[in-house]
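Written out below as structure tokens is the structure these notes cover.
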Amino acid sequence: MKRITLPARPDWRDKARAVGFGFHVMYGEPYWLDDAAYTFTLDEIEAQIEEPSQELHDMCVDLVGDIVGSEESLDRLAIPEDLRDVVQRSWQRRDRHLYGRFDLAYDGSGPAKLLEYNADTPTSVFETAYFQFNWLTDQIALGVLPKEADQYNFLQESLVEAFDQFPKEPIFHFAAITDNEEDRGTTVYLMDCAVQAGHRVELLDIREIGIDAEGRYTDLRDRVIDRCFKLYPWEFMLREPFARELARSGDVFVEPAWKAVLSNKGLLPLLWQRHPNHPNLLPSYFTDDPAASTLTDYVRKPLLSREGENVTIFRQGRELVSAPGDYGDEGFIIQAYAPLFESDGGFAVLGSWVAGDRACGLAVREDRTRITANLSRFVPHVIME
């Protein structure tokens with residue numbers, strides 16, 4: 001694993017705008033880097049990223065049934081008591097799902113370590129599946145990269161296959177906060193994948209979803225929503241006023257409600273309990289576990305945090321760095337610290353994608369600090385022997 005610099009494509013900004021990637025700059029900061037890349041060998045990809053990611057996903061899914069069947073575990077994960085049956089029935093039906101992204105710490109030596117499972121968010125899916133692949137083909141055509149250069153990236157094909165598993169008859173609604181450029185761009189990309197799988201689709205602002213007299217969710221034309229992708233996390237949905245109607249909604253929403261237990265940091269200590277000393281896991285504990293006090297280099301994470309909010313890193317028992325945010329009331333977990341790949345570009349986290357139930361792609365994000373946050377940068381990758 002290395003970080004390299006190379007010439008940016010001269011027209012990459014025009015290409016970004018042409019495909020709706022206006023969020024290549026966010027909050028005045030560059031988000032996409034066209035003049036840098038992370039390089040891996042094929043063996044690194046297959047043995048250290050792809051195979052462990054597949055095993056981790058299988059381990060996580062194997063754990064869901066035990067979690068949803070345990071009131072103690074659901075308490076630990078702060079799943080609202082009055083809506084636990086929504087999560088439980090979703091798993092009992094085996095509601096179909098689309099994707100997940102593991103955040104891994106890997107520095108080119110030793111096994112990759114699981115930091116968390118982003119099982120209910122498509123953040124960076126377009127950049128991974130589409131734009132970085134175009135970057136690769138362009139750089140090969142320009143002679144910047146050798147013609148045998150490759151990429152660990154069959155995410156788009158896997159997403160189309162995952163969408164193909166859903167019935168084609170009802171309209172597949174896609175809901176997001178549409179005036180957020182990143183959310184809209186990501187959702188429109190996933191709509192295109194659904195169209196490739198044979199679905200009829202329609203975009204809807206999530207704030208415009210209504211409820212009819214029978215308690216069914218409806219769109220602006222008062223049509224019943226039979227299936228709806230929602231770019232909105234379950235931990236928010238379960239706490240919304242309209243959540244009371246979820247009990248009657250069945251398998252309408254994608255991702256399904258059972259993903260609420262995999263996208264929760266409380267999954268990490270439960271995985272460690274089930275698979276102690278697994279080479280791709282870090283020791284992880286709930287804060288009231290006496291074993292948590294044995295760690296001197298560790299990270300404290302809220303159960304429901306996103307974009308690194310309210311995460312604190314401790315070294316030798318002393319606070320090293322922390323991130324502000326609005327999470328923490330729901331509780332925390334403690335996870336052993338794992339060093340990230342460090343270079344002149346900052347600290348890199350590997351995002352290893354799963355679509356359907358198959359490990360299938362890699363994203364790399366880097367940040368100036370050890371906590372990957374909202375303004376971290378996306379850097380493409382390439383496989384070169």
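In this text the structure is predicted, and so the values were computed from the model without any measurement.
Between S90 and D95, the side chains place a donor N or O and an acceptor N or O closer than 3.5 Å (distance only, hydrogens not considered). Residues E255 and Y99 bring no donor and acceptor atom of their side chains to less than 3.5 Å of each other. A side-chain donor-acceptor contact under 3.5 Å links R370 and Y337. The closest side-chain donor-acceptor pair between E44 and Y106 falls under 3.5 angstrom. Checked by atom type, the side-chain pair D14/W12 shows no donor-acceptor distance below 3.5 Å. A donor atom on one side chain and an acceptor atom on the other are found under 3.5 Å apart for D357 and H97. Looking only at atom types and distance, the side chain of S352 has a donor-acceptor partner in the side chain of S53 under 3.5 Å away. For the residue pair E55 / H278, a side-chain donor-acceptor distance below 3.5 Å is found, with atom types taken as modelled. Checked by atom type, the side-chain pair Y285/Q273 shows no donor-acceptor distance below 3.5 Å. For the residue pair T41 / D43, no side-chain donor-acceptor distance below 3.5 Å is found, with atom types taken as modelled. Residues Y31 and E182 bring no donor and acceptor atom of their side chains to less than 3.5 Å of each other. Between S305 and N310, the side chains place no donor N or O within less than 3.5 Å of an acceptor N or O (distance only, hydrogens not considered).
With S284 contributing its side chain and L282 its backbone, the two residues share a donor-acceptor pair below 3.5 Å. No donor-acceptor pair under 3.5 Å is formed between the side chain of S376 and the backbone N or O of T372. Under the 3.5 Å distance criterion, the side-chain polar atoms of H381 are left unmatched by any main-chain donor or acceptor of A37. No donor-acceptor distance shorter than 3.5 angstrom exists from the side chain of Q139 to the backbone of V144, with no hydrogens or angles considered.
Listed here is the closest heavy atom pair of A292 and T287: CB-O, 4.5 Å. Closest non-hydrogen pair, R358 versus S158, comes out as NH2-OG, 2.7 Å.
Under the 6.0 Å distance and 45° angle rule, R9 counts as a cation-pi partner of F131. Cation-pi geometry between R274 and W272 is not met: the NZ or CZ atom fails to fall both under 6.0 Å from the ring centre and inside 45° of the normal. Annotation: cation-pi pair R76/F286 present, NZ/CZ under 6.0 Å from the ring centroid and within 45° of its normal. Taking the centre and axis of the six-membered ring of F378, the NZ or CZ atom of R365 falls outside the cone set by 45° and 6.0 Å.
Proximity of C193 to Q156: side-chain heavy atoms (C-beta onward) are separated by under 4.5 Å at one or more points. Between L136 and L145 the shortest side-chain heavy-atom distance falls below 4.5 Å. Annotation: side chain of E202 is in contact with side chain of R223 (closest heavy-atom distance under 4.5 Å). Side-chain contact between I177 and L231 is absent, with no heavy-atom pair separated by less than 4.5 Å.
Taking the six-membered ring for Trp and thresholds of 30 and 60 degrees, W258 and W91 have ring planes more than 60 degrees apart, a perpendicular arrangement. Between F102 and Y117, the ring-plane angle classifies as parallel under the 30° and 60° cut-offs.
Distance NE2/H199 to CG/D192: 12.5 Å, rounded to 0.5 Å.
A salt bridge is defined here as a Lys NZ or Arg NE, NH1 or NH2 lying under 4.0 Å from an Asp or Glu carboxylate O, and K265 with E330 fails to meet this definition. Ion pairing between a basic and an acidic side chain is recognised when a charged N comes within 4.0 Å of a carboxylate O; R13 and D11 show no such pairing. For the pair D205 and R184, the salt-bridge criterion is not met [side-chain N within less than 4.0 Å of a carboxylate O].
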Apply the test ring-ring contact (aromatic ring centres under 6.0 Å, His included) to residues F166 and F172: give CA-CA distance (whole Å), side-chain angles for both, the deciding distance (0.1 Å), then the verdict.
-> CA-CA 9 Å; F166 290 87; F172 208 134; 5.7 Å; yes
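Ring centroids of Y130 and F21 are separated by 6.0 Å or more, keeping the two rings apart. Ring centers of F174 and F229: under 6.0 Å apart, within the cut-off.
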